[in-house]
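These notes are about the structure you will find just below.
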Amino acid sequence: MLTRAVREDATHGPVWYRAPPVDTVNAKPSSSLLVPPRGLGTLFFLLLLWLLLPGALAGVLRAVLGLPLWVGALVGIAGAAGLTWKGVSHERPWPTHVPLVLLQGLYLATVWGVTWRMLGIPAMEGLVTVGGGDAGNHAALRADFVSHEPGVYQGFILFHTLTYGLEWLFGLDAFTSFRAGFYLVPMVIAVALAAGVESVAGRLWHSGRAQVAAQVVLLVATVAAWRFLLLRWLHYHQADGFYPHLFGLVTLVLAWLAYGLPRSVWVRCGALAVFTVFYRFTYGLNLGDFLFMGGVLLLVEGFRSFGPKYRWGAWFLGLAFLGAAAYAYSRLLPLAQVPGAIVAHSHERALRVQWWTLVGLLVVRFLSPRQDSVERRLIDFAVLFCGASALVQFAYRKAGLPIDYYFLKYGLHAVVLLLCVALFVTSIRMGAVFQKGLARAWYWDLALAVLVAVGLFEVTRGWGRAYESYESSYRERVRGAPPFQTLDALEDRGATAIIRRVLHDEGKRFGGLLTPSWPRANFSNVALGWVPENWSATGGHWPLFSSGGVREGPGFCVFWEASAGDWEGYQRISDDNHTPLVDVVRKLQARPDKVCQDYAAPWVSSGSRTLCYRCD
């Protein structure tokens, strides 16, 4: 019978273990029975489960079956409760190692502090724009998805579902819910890395010292790579309004852990199937890569892990994944000719670094000790997904297709996943240096740890050079004070507060906001309740922005930005688009019944702006 006891260890404090049965041949306790020190990892996974599963199922069931969101949310809550009960009853999730808990808390606090310091820009309340209208497009798509069109936007709606749920639960507006959804991306990645390192380190070794060492390395490496590289990527893609594309990183990183960590082949294959669905309904640009990776892994699992009875089923499912991958890639071909406004990076250098990173991971995979295959599974997932992505980009360039919008967005998921794997492997290999019981392999572990640390440094530096085009706007965001050359406010929060108050006090409906900022016009008008009836036909609120097509008449209030610098912007828009926008605004400004109000605006050099309005 297994009992629990406590062994005091002078190096790292108490270690919980299960006393082994009596063995007259070998009196030493079996290390496989040791229970590793536990930090917050299991609680982190449960938190992510409750945070994301209800929203994910609500979105998927609405997109596929047209069900109300609350039905899918209830299914998700029931699923989260069932999985929590099973996990808690099978293994106690409560922490047992105080230093590890404190270190993980410090890690998350540091990551959040660095993220908010670099991206938070209080002058614009956490979100910025570099000129694209996609943020407003997604606000309008979300409104259509929630109200009447479940299949909108090809079903890429998990970001829309989550942010709408945050609004419903906490009374947020569109801006604050988008902000919460965006900052959730780096925090989920950080939580997943901390929990994943604890899980793998605890499985490979039963040393609290090694666990703490791995988490310390993760903290140091993350802080270094986070602000220099990852936050720069997240900054630009947020600033250009690519919110669902960014949120796909959440699904990808969690799928990586959901496949790599479980011991059961059934759980691993089930995780691949479930996260394929979630990934498809988050963003579809890299769906072919995900399906290819899943197909190869299923074929390998069928050959290696399943018995003869179930092997053919795994192989059939793997081939089905590969067939679906071919179909997904075929759907991407028409996108090659679709233009779009995007800041180009050095795609050749980025792809070259991606290839070298894949080579480095393969070296680590075959040189790392053969203890538990969990580390190798995590590397296999990343190598297959990111290798498929690299091959697609290589073939695209060789085919001479135009280097434009979707191609320049294509590599983001692969490079972020590779960076996460590099941070993870560096932490594990450094932790291996501090484990006990492998004194003869110490020098080998040290050499491998140094190799991966140098590799992480070179990867970070190489991608930093490849994405230098994001640097100027990133520096402005970090500086956080006007004047801004490339950044603008996605929403003028002071103007929005005035508009809401006027509409409430006057008892009127919103007739439109005119502004010389395209992203602000597209986003703010949707956020204030005016959703275009046919988004695809009108290009969002483009007619309102370019021609001044406000809704005037009894019961409506019309608003326009009227600061000194706005008039030059109105004139420029009219000249560029040959529209009467500037004349419309001047007529509104000349009305004797207009009301103008100055308000504080910390994102402009003067510190204040002017908003005018009139109501019928």
Side-chain angles (χ1 to χ4, degrees), residues 121 123-125 127-137 139-140 174-175 239-241 341 343 473 476-477 482-499 502 510-530 532 538-552 556-591 594-614:
I121 191 166
M124 298 184 189
E125 299 198 24
L127 295 182
V128 301
T129 180
V130 291
D134 275 20
N137 294 342
F175 181 90
D240 234 343
V343 173
S473 60
E476 281 193 6
R477 188 169 189 163
F484 298 107
Q485 300 299 319
T486 59
L487 299 183
D488 196 6
L490 176 61
E491 182 177 80
D492 189 332
R493 300 293 285 167
T496 298
I498 294 173
I499 292 170
V502 168
F510 177 63
L513 168 67
L514 297 177
T515 167
S517 166
W518 162 232
R520 195 154 59 246
N522 205 30
F523 183 85
S524 295
N525 280 281
V526 174
L528 289 164
W530 184 2
T538 62
H541 274 296
W542 185 258
L544 172 69
F545 168 72
S546 62
S547 303
V550 294
R551 301 182 295 184
E552 293 186 273
F556 283 96
C557 291
V558 176
F559 302 82
W560 62 96
E561 295 178 357
S563 301
D566 292 328
W567 300 101
E568 181 180 348
Y570 289 130
Q571 185 66 59
R572 183 178 62 255
I573 294 165
S574 286
D575 293 343
D576 290 345
N577 298 285
H578 307 288
T579 62
L581 173 64
V582 68
D583 296 328
V584 171
V585 181
R586 283 174 177 166
K587 288 179 181 179
L588 290 170
Q589 187 71 14
R591 292 287 297 260
K594 75 175 188 302
V595 178
C596 294
Q597 183 174 341
D598 294 331
Y599 59 94
W603 50 277
V604 295
S605 299
S606 63
S608 66
R609 284 179 55 77
T610 302
L611 180 73
C612 297
Y613 65 92
R614 61 172 299 273

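For this chain, numbers begin at 1 and follow the sequence in order.
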Hey, what do you get for CG (N137) to CG (N522), rounding to the nearest 0.5 Å?
5.0 Å

Is any side-chain heavy atom of T129 closer than 4.5 Å to one of D240?
no

Is the number of heavy atoms from other residues, nucleotides or ligands under 6.0 Å of E552 CD greater than 12?
yes

The reported gap from CH2 in W518 to CG in D488 (rounded to nearest 0.5 angstrom) is 13.5 Å

Can you check whether A489's main-chain N or O pairs, donor with acceptor, with R520's side chain at less than 3.5 Å?
yes

Work out which heavy atom in A527 is nearest to a heavy atom in A174; give both atom names and the distance.
CB-CB, 3.8 Å

Verdict with reasoning, W560 to Q589, per side chain to side chain donor-acceptor pair (under 3.5 Å):
CA-CA 9 Å; W560 62 96; Q589 187 71 14; 2.7 Å; yes

Salt-bridge contact R609-D492 (side-chain N to carboxylate O under 4.0 Å):
yes

Working to the nearest 0.5 angstrom, can you tell me the gap between F523 CZ and D134 CG?
12.5 Å

For the CG atom of L611 and the OH atom of Y599, what is their distance to the nearest 0.5 Å?
5.5 Å

Just by distance, do the side chain of S563 and the backbone of T610 share a donor-acceptor pair under 3.5 Å?
yes

Decide side chain to side chain contact (heavy atoms under 4.5 Å, CB included) for V558 and R551; before the verdict, give the C-alpha distance in whole Å, the side-chain angles of both, and the deciding distance to 0.1 Å.
CA-CA 7 Å; V558 176; R551 301 182 295 184; over 6 Å; no

How about S473 and L487: do any of their side-chain heavy atoms sit closer than 4.5 Å?
yes

Would you list the pairs meeting side-chain hydrogen bond (donor to acceptor under 3.5 Å, both in side chains) in which at least one residue belongs to residues 573-586, sequence neighbours left out?
Q571-D575, Q571-R586

If you take all heavy atoms of V502 and C557, which pair is closest and at what distance?
CG1-SG, 4.5 Å

Under 4.5 Å between any side-chain heavy atoms of T515 and F559, yes or no?
no

Considering residues at least two apart in sequence or located in another chain, which fulfil the side-chain contact (heavy atoms from CB on, under 4.5 Å) criterion with V584?
L514, L588

For P532 and T538 the tightest heavy-atom approach is CB-OG1, 4.1 Å

Would you mind reporting whether E125 and W603 have side-chain heavy atoms less than 4.5 Å apart?
no

Does the side chain of R477 reach to within under 4.5 Å of the side chain of F484, using non-hydrogen atoms?
no

Check side-chain contact (heavy atoms from CB on, under 4.5 Å) between N525 and all other residues, then give those that pass, not counting sequence neighbours.
F510, L513, A521, W530, H541, L544

Between atom SG of C612 and atom CG of D566, what is the distance when rounded to the nearest 0.5 Å?
9.5 Å

Using only atom types and a distance under 3.5 Å, with no angle test, would you say the side chain of S606 pairs donor to acceptor with the backbone of S608?
yes

Any donor-acceptor pair under 3.5 Å linking the side chain of E491 with the backbone of S524?
no

I'd like to check V604 versus P483 (side-chain heavy atoms, cut-off strictly below 4.5 Å). Are they in contact?
no

State, yes or no, whether a side-chain contact exists between Y613 and I499 at a heavy-atom distance under 4.5 Å.
no

Let me confirm one number: the OG1-CD distance from T486 to E476, rounded to the nearest 0.5 Å.
3.5 Å

